[in-house]
Structures are given as C-alpha cells and as structure tokens.
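Remarks on the structure that follows.
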Number of protein chains: 2
Amino acid sequence: MNQRRAVYLMCKSEESSVVRQFLARIGDKWSVLLVVILARTPGHRARFSELQRALDGISQRMLTTTLRNLERDGFVRREVFPEVPPRVEYELTRLGHSLIDPMEHLVQWIGTHWSSIKKARASFDDR
Amino acid sequence: MNQRRAVYLMCKSEESSVVRQFLARIGDKWSVLLVVILARTPGHRARFSELQRALDGISQRMLTTTLRNLERDGFVRREVFPEVPPRVEYELTRLGHSLIDPMEHLVQWIGTHWSSIKKARASFDDR
DNA sequence: CCGGATCCTGGTCGATACTG
DNA sequence: CAGTATCGACCAGGATCCGG
C-alpha cells in the first residue's frame with residue numbers, strides 16, 4: 001500500500017493535470033514506439049530513413065513532427081551532418097532513455113493482461 | 001539489461017501493435033484519471049455524479065463514454081440499482097485495480113522528470 | 001439521476017507535391 | 001536524403017436537448 005502513495009496523492013493536487021499533459025503528449029500515435037525503437041537500436045542512434053523503415057506505415061510528415069516533439073521534450077537529440085546528400089541522426093538522450101524503465105512495466109502489464117482484456121471485450125460485445 | 005527484455009522484443013512481433021492499441025484506448029483524455037480516482041475511493045466504488053464532481057471539467061457525455069469503454073475492457077463493473085431516482089455505481093474490477101501498479105511507476109517517473117521536461121521545452125522554444 | 005441522440009468544432013493524421 | 005507546405009478526411013470530445 002505504501003508503494004501506491006504517489007497515485008493517491010496525484011488527484012489531490014494539480015499533479016493530475018501534469019499526468020494528463022504528459023499522456024497527451026507521449027500518448028500519441030507514434031511517440032512511444034519511436035522511443036522504444038531508438039532504445040533497442042545499437043548505440044541508441046538512427047538516421048531519419050532508418051526510423052521511417054522501422055516504424056512501419058508512418059508518413060514522412062508524422063515522423064518529422066513526432067521527432068520534433070520528442071526533441072522539444074528533451075527525449076531525443078538531433079544531429080545534422082553537413083554533407084551531400086544530407087544526413088541527420090537522432091539519438092536518445094539520458095532523459096529519453098530513462099523512459100524505458102516505466103514503459104517496461106507497462107509493456108509487461110499489457111503482456112500479462114491483454115488476453116483478459118480481449119475476453120472482456122468479447123463478452124461485452126455479445127450484448 | 002535483463003530487465004528490459006520485453007521492450008526489446010516488443011518491436012519484433014505484432015506486440016507493438018498491441019501496445020499501440022492499448023495506449024490509444026487508455027491514453028485518451030480521461031481514462032487514466034478515472035481509474036486512479038476509483039482506485040483511491042474507499043471501497044473502489046463511486047456513483048456517476050460523484051465521479052463527475054471528482055473529474056473536474058468532464059462533460060456528462062465523456063464521462064458516460066469513458067465509463068463504457070472501461071467497462072468493455074473489463075476495468076470497471078457497472079451496477080444499476082432499480083430505484084427512483086436511479087442510482088448507478090461503478091466499481092474497479094480486479095483487472096482494473098492491477099493497472100494501478102504500472103501507472104504508479106509512470107507517475108513516479110513523471111514526478112521525477114517533469115521539471116527536466118519543462119526545462120528542455122523552454123530552451124528549445126528559445127530558437 | 002443517469003445517459004442516449006444530435007450537432008458542431010478543433011485537432012490529428014495521411015497523401016501528395018515540392019525544395020535545399 | 002530529409003525535410004516543408006498544403007489539403008482534406010476523420011474523430012475525439014464539448015454543448016445541448018430530451019427521455020426513462
């Protein structure tokens with residue numbers, strides 16, 4: 001019970017709005033996946049086109065704006081190499097890397113409970 | 001490193017799409033907050049109007065649909081009391097309650113790193 | 001008191017075309 | 001190669017009204 005204090009405190013203050021803001025940002029269509037992909041890339045670096053291939057189905061526009069947002073929040077560092085043709089690499093920052101830990105817990109939870117969710121949905125939809 | 005296996009595996013399979021689906025559902029404007037509020041309510045139960053007061057600013061429509069979605073996923077149980085005026089109570093299921101644990105980690109992380117994010121944004125916006 | 005039905009608005013995301 | 005610009009479809013979500 002001790003362990004859950006932060007959640008219980010959350011609603012008392014404006015911390016709930018912070019959580020909402022955070023989820024609204026990182027909870028978009030591609031951000032989490034992008035961070036995860038960078039995390040598992042050797043060196044935690046990749047260039048634009050590599051990321052586009054890795055995130056199956058992402059449009060060029062969305063990759064750009066997702067990367068900009070992550071850069072703005074300090075999760076990703078952008079490095080431009082003055083070459084022709086241009087090369088741009090994105091690297092996970094220390095802050096971005098620290099995200100892996102809570103996400104790991106979430107992924108674990110999903111892995112354990114996803115079948116329960118699917119079952120609940122199926123039985124709910126029978127009505 | 002051992003601890004991070006699930007995240008690294010995630011991208012290999014279709015598990016990434018499961019994570020996306022999950023985040024898309026629970027990552028909406030009110031779901032997480034609603035679960036947290038129920039979790040901290042004595043008995044993990046509350047009626048519709050109590051929830052509406054607790055979630056400052058939520059519209060009646062969004063409270064209804066958010067509750068429906070959570071019920072469909074098996075996080076919340078709905079109980080109708082055949083009275084006049086009607087009374088409806090919502091209760092966190094065991095599955096819903098198990099969500100608290102990973103969310104706790106997330107909240108902890110946000111608490112620790114939110115100031116870093118704000119600083120990163122400020123310095124980014126100076127350009 | 002609870003919540004369904006409707007209408008409306010802004011924002012998110014994809015497609016496409018075009019630059020340095 | 002790595003973007004930017006523009007357009008349009010779609011949907012989350014708020015306001016409001018009504019009904020059991």
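The sequence lines fix the lettering, A, B, ..., with proteins before strands; numbering per chain opens at 1.
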Side-chain N or O of R47(B) less than 4.0 angstrom from OP1 or OP2 on dC2(C)? yes
Judged by modelled atom types alone, do T66(A) and N69(A) share a side-chain donor-acceptor pair under 3.5 Å? no
Whole angstroms only, please: what is the CG-C1' distance between L67(A) and dA2(D)? 11 Å
State, to 0.1 Å, how close Q52(B) and S59(B) come at their nearest heavy-atom pair, and which atoms those are. NE2-C, 4.1 Å
Footprint string (nucleotides 6-20 of chain C, 5' to 3'): B base within contact, S backbone only, - free, heavy atoms under 4.0 Å: B------BBB-B--B
So, with a heavy-atom separation below 4.0 Å from DNA chain C, the residues of residues 72-82 of chain A are none
Q52(B) has an atom CD; how far is it from atom C1' of dC2(C), in whole Å? 10 Å
Any side-chain N or O of T64(B) under 4.0 Å from OP1/OP2 of dG4(C)? no
Parallel under 30°, tilted from 30 to 60°, perpendicular over 60°: which one fits the rings of F48(B) and Y90(B)? tilted
Protein-nucleotide distance (R53(B), atom CZ; dC1(C), atom P), rounded to Å: 9 Å
Side-chain heavy-atom pair L23(A), L106(B) within 4.5 angstrom cut-off: yes
Please report, rounded to the nearest Å, how far the P atom of dG3(C) is from the CD atom of E50(B). 13 Å
Whole-Å distance between dG14(D) P and D56(B) CG? 12 Å
I need the CG-P distance between L51(B) and dC1(C), as an integer number of Å. 14 Å
With distance as the sole criterion, is a donor-acceptor pair present between the side chains of S123(A) and D126(A) under 3.5 Å? no
What I'd like to find out is whether the side chain of L95(A) reaches to under 4.5 Å of the side chain of I117(B), using heavy atoms alone. yes
Charged N-O contact under 4.0 Å between E91(A) and R78(A): no
In whole Å, what is the span from the CG atom of L63(B) to the C1' atom of dG13(D)? 13 Å
Electrostatic pair R77(B)-E89(B), nearest N-O below 4.0 angstrom: no
Are the side chains of W109(A) and D101(B) in touch, meaning some heavy atoms are under 4.5 Å apart? no
side-chain N/O Y90(A) vs dG3(D) OP1/OP2, d < 4.0 Å: yes
